[in-house]
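Letters A, B, ... mirror the listed sequences (proteins, then strands); counts begin at 1.
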Protein chains: 2
Amino acid sequence: MNKRPTIRDVAAMAGVSVATVSRVLSGDYPVANATRTKVQRAVRELDYVVNAHARALSGSTSNVVALVMYDVVTPFFAFIASGVEYQATESDRLCLVCTTHGDPDRELEIVKLMREQHADAVILVGGVNMSDDYRERMYRYAKGLEDAGSRLVLCGRPSLGPDFPAITVEYDNAGGAFSATSHLLSSGHRRIAMLGGPIGNTTFDARLDGYRRALEAFRVHVDPKLIIHGDMSQESGFRQVQRLLADGVEFTAIFAANDFVAAGAMRALRAAGKSVPDDVSVIGYDDTPFAPELTPALTSVHLPHEELGRTAVKLALQRGEGSARQHVMLGTHIAMRDSVRPLI
Amino acid sequence: MNKRPTIRDVAAMAGVSVATVSRVLSGDYPVANATRTKVQRAVRELDYVVNAHARALSGSTSNVVALVMYDVVTPFFAFIASGVEYQATESDRLCLVCTTHGDPDRELEIVKLMREQHADAVILVGGVNMSDDYRERMYRYAKGLEDAGSRLVLCGRPSLGPDFPAITVEYDNAGGAFSATSHLLSSGHRRIAMLGGPIGNTTFDARLDGYRRALEAFRVHVDPKLIIHGDMSQESGFRQVQRLLADGVEFTAIFAANDFVAAGAMRALRAAGKSVPDDVSVIGYDDTPFAPELTPALTSVHLPHEELGRTAVKLALQRGEGSARQHVMLGTHIAMRDSVRPLI
DNA sequence: ACGATTCTAGAAAGCGTTTACCCTACGCGT
DNA sequence: ACGCGTAGGGTAAACGCTTTCTAGAATCGT
């Protein structure tokens with residue numbers, strides 16, 4: 001097994017100094033054509049590649065963007081990750097992916113790892129449980145990252161104030177929920193069940209809030225019996241509807257906190273002999289790729305997932321001092337399909 | 001903005017040498033308790049974290065596992081990635097993710113980047129177009145990675161022979177297709193349409209092969225008219241069925257090369273007024289999370305996605321010389337649901 | 001023809017760790 | 001009392017690159 005060649009080997013073979021090789025490789029400094037050619041031949045000959053760690057140690061950037069999220073398979077996260085990855089390679093960065101599975105300690109751990117790695121940007125994706133000490137801890141993280149020269153981006157997570165050293169890239173969570181609920185309301189529905197997510201999570205609190213505000217805007221009573229919380233799984237949606245039915249709660253429409261819950265809900269409805277959308281209208285959130293494949297095709301709130309990811313990277317990599325604490329909010333829209341019907 | 005502290009700052013504050021600090025941090029070398037405490041206090045005081053690049057440069061491992069795949073959102077890849085990420089963090093490694101979108105040049109580029117990064121393992125995921133020069137190029141990659149001290153893993157991609165310096169972790173692609181087709185055959189179906197993937201791709205060639213072998217085992221004629229190729233999208237499945245119908249090809253069952261194609265196919269069938277499974281049985285591949293949510297719930301070939309990913313990492317990180325070129329094959333099974341019905 | 005620029009390229013000082021090597025002091029067996 | 005093994009800790013040499021500083025050669029204006 002050959003040892004991997006270093007820059008000195010290349011320099012020796014080309015008969016120049018290591019400085020010259022380095023300059024040919026980075027291509028910024030003027031180098032005579034003949035010399036450049038010699039060096040390039042040596043590089044090819046030896047199949048030389050630079051050592052990224054040495055380069056990062058010597059220079060100052062690591063060319064790495066870090067992505068921290070709940071998991072990697074939920075479409076919501078996967079699509080944001082896709083946008084991040086896309087823009088990262090566009091900007092010649094590599095993409096480090098870590099998952100927390102909702103564990104705050106793990107998140108702390110990861111941020112430490114990212115400081116070690118000198119990531120150019122650290123992107124925290126998705127909602128979070130805004131606990132008492134979350135802000136304070138997040139502030140320490142942010143400081144640490146700033147000192148390490150990394151940009152912190154909160155993506156799909158609320159800002160922590162304008163003086164907080166982080167970029168925020170949100171989508172209009174509450175607004176999407178408001179539109180969805182309004183859509184149901186203006187179709188004549190008044191008894192709209194909200195199948196919500198875990199309490200305290202910024203994402204699902206916001207969706208619930210949008211639901212509430214829409215009802216209020218239509219002067220419809222917010223009936224607590226219509227609001228259920230669960231995790232975000234298909235099973236949860238299934239059971240939530242079963243419970244509603246078992247409790248004899250009346251409703252003509254369902255607003256589910258995401259498409260998986262909506263799918264489970266529709267399954268429960270079908271199992272109970274109720275037709276969607278004839279008996280009950282259903283609307284989801286996230287507009288996952290399978291939404292159009294359900295029967296009936298699911299109406300859902302569409303999010304600009306990929307653009308969220310792309311914007312996060314773009315802003316983070318943008319140099320200039322004012323850029324370190326921006327806040328952008330992306331819009332949502334409803335993808336209308338067949339799971340909603342006006343109430344006659 | 002504070003400069004980030006180095007090990008010398010810690011050493012100075014604790015009144016010891018940098019060597020001692022390093023030893024306290026790695027914890028291998030004996031250090032007196034009092035000294036250790038002093039150092040740890042200084043570390044906390046300064047909020048010091050090691051510089052991963054300096055460590056990687058000095059030591060020899062980068063603690064990074066690289067994952068190269070088609071994209072990040074297709075459930076097939078996402079679940080494998082999930083397994084990789086899981087096992088990587090289990091082994092205290094970070095996980096670098098790159099996508100190729102099917103571009104072989106991009107794959108080459110990425111492997112070079114991974115050599116630069118000194119990744120402990122490079123995992124190439126999923127099928128590939130086995131072109132003439134693929135083998136040769138892959139061989140050069142493999143050599144380069146081996147010299148760089150990285151392990152190469154082919155995951156869900158066929159081995160290139162026992163003397164090829166790479167680990168292979170496959171699932172029984174053809175076997176799964178064989179089972180699926182056999183399931184249809186033993187339910188009495190004889191006219192089974194195969195909605196295949198792109199020609200030349202190892203994954204879809206294998207699935208097609210399993211289909212063929214099953215028909216032959218049942219002594220059923222393989223009718224070329226029943227075999228269509230497309231990309232792997234829902235739309236592709238939809239159009240493939242439309243075409244079959246328009247061409248007046250007779251069939252009582254469909255074997256789709258993945259669940260997305262199956263979903264599109266079912267939609268086309270429904271649009272044409274055909275009932276699944278009363279008129280046509282359908283079976284998918286990959287057993288994506290939405291398969292149970294379709295109407296009817298889709299029978300599909302279940303793959304051990306996460307275990308593929310986990311095994312890839314586990315084998316790659318396992319030290320010992322013989323371990324550098326192993327080959328494991330994982331099994332599949334059919335997840336039976338409601339989209340298949342015996343032909344009466 | 002001669003000083004002033006402009007190119008080109010080398011020498012060497014870091015970048016922040018780890019680790020091989022060396023040294024001191026102390027306990028212990030004989 | 002003496003040699004020795006060992007725990008504890010310091011010194012300095014890598015690790016492989018980038019970049020500043022410096023300097024010779026080539027070009028140019030007058």
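- Comparing the local axis fitted to the first five base pairs of the helix from C/dA1-D/dT30 to C/dT30-D/dA1 with the one fitted to its last five gives a bend of 40°, rounded to 10°.
- At a non-hydrogen distance threshold of 4.0 Å, A/Arg23, A/Tyr29, A/Pro30, A/Val31, A/Ala32, A/Thr35 from residues 21-37 of chain A come into contact with DNA chain C.
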Step by step, work out the side-chain hydrogen bond (donor to acceptor under 3.5 Å, both in side chains) result for A/Ser131 and A/Asp133.
CA-CA 6 Å; A/Ser131 73; A/Asp133 66 347; 2.8 Å; yes
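- Remark: of the listed residues A/Thr99, A/Asp71, A/Val73, A/Thr99 is the sole one forming a side-chain contact (heavy atoms from CB on, under 4.5 Å) with B/Glu85.
- Among residue pairs with one or both ends in residues 34-43 of chain A, none qualify as salt bridge (Lys or Arg N to Asp or Glu O under 4.0 Å); sequence neighbours excluded.
- Side chain of A/Ser26 to main chain of A/Ser22: a donor-acceptor pair is present (N/O by atom type, distance under 3.5 Å, no hydrogens or angles).
- With a cutoff of under 4.0 Å to any heavy atom of chain A, the contacted region of DNA chain C is bounded 5' to 3' by C/dT8 to C/dG16.
- Checking B/Glu116, B/Gln117, B/His53 one by one against A/His53, the side chain to side chain donor-acceptor pair (under 3.5 Å) holds for a single residue, B/His53.
- Ring geometry for A/His305 against A/Phe76 counts as perpendicular: the plane angle is over 60°, on a 0 to 90° scale with 30° as the lower cut.
- Atom CE of B/Met114 and atom CD1 of B/Ile123 lie 11.5 Å apart (nearest 0.5 Å).
- Applying the salt bridge (Lys or Arg N to Asp or Glu O under 4.0 Å) definition to pairs two or more places apart or across chains, those involving residues 103-115 of chain B are A/Asp47-B/Arg115, B/Glu107-B/Arg157.
- Taking the charged nitrogens against the carboxylate oxygens, A/Arg151 and A/Asp120 have no contact shorter than 4.0 Å, which rules out a salt bridge.
- Remark: A/Lys143 engages A/Glu146 in a salt bridge, criterion side-chain N to carboxylate O under 4.0 Å.
- When atom types are taken as modelled, the side chain of A/Ser150 and the backbone of A/Ala121 share no donor-acceptor pair closer than 3.5 angstrom.
- At a non-hydrogen distance threshold of 4.0 Å, B/Leu57, B/Ser58 from residues 45-58 of chain B come into contact with DNA chain D.
- B/Ser58 places no side-chain N or O within 3.5 Å of a backbone atom of B/Arg55 that could act as its donor or acceptor partner.
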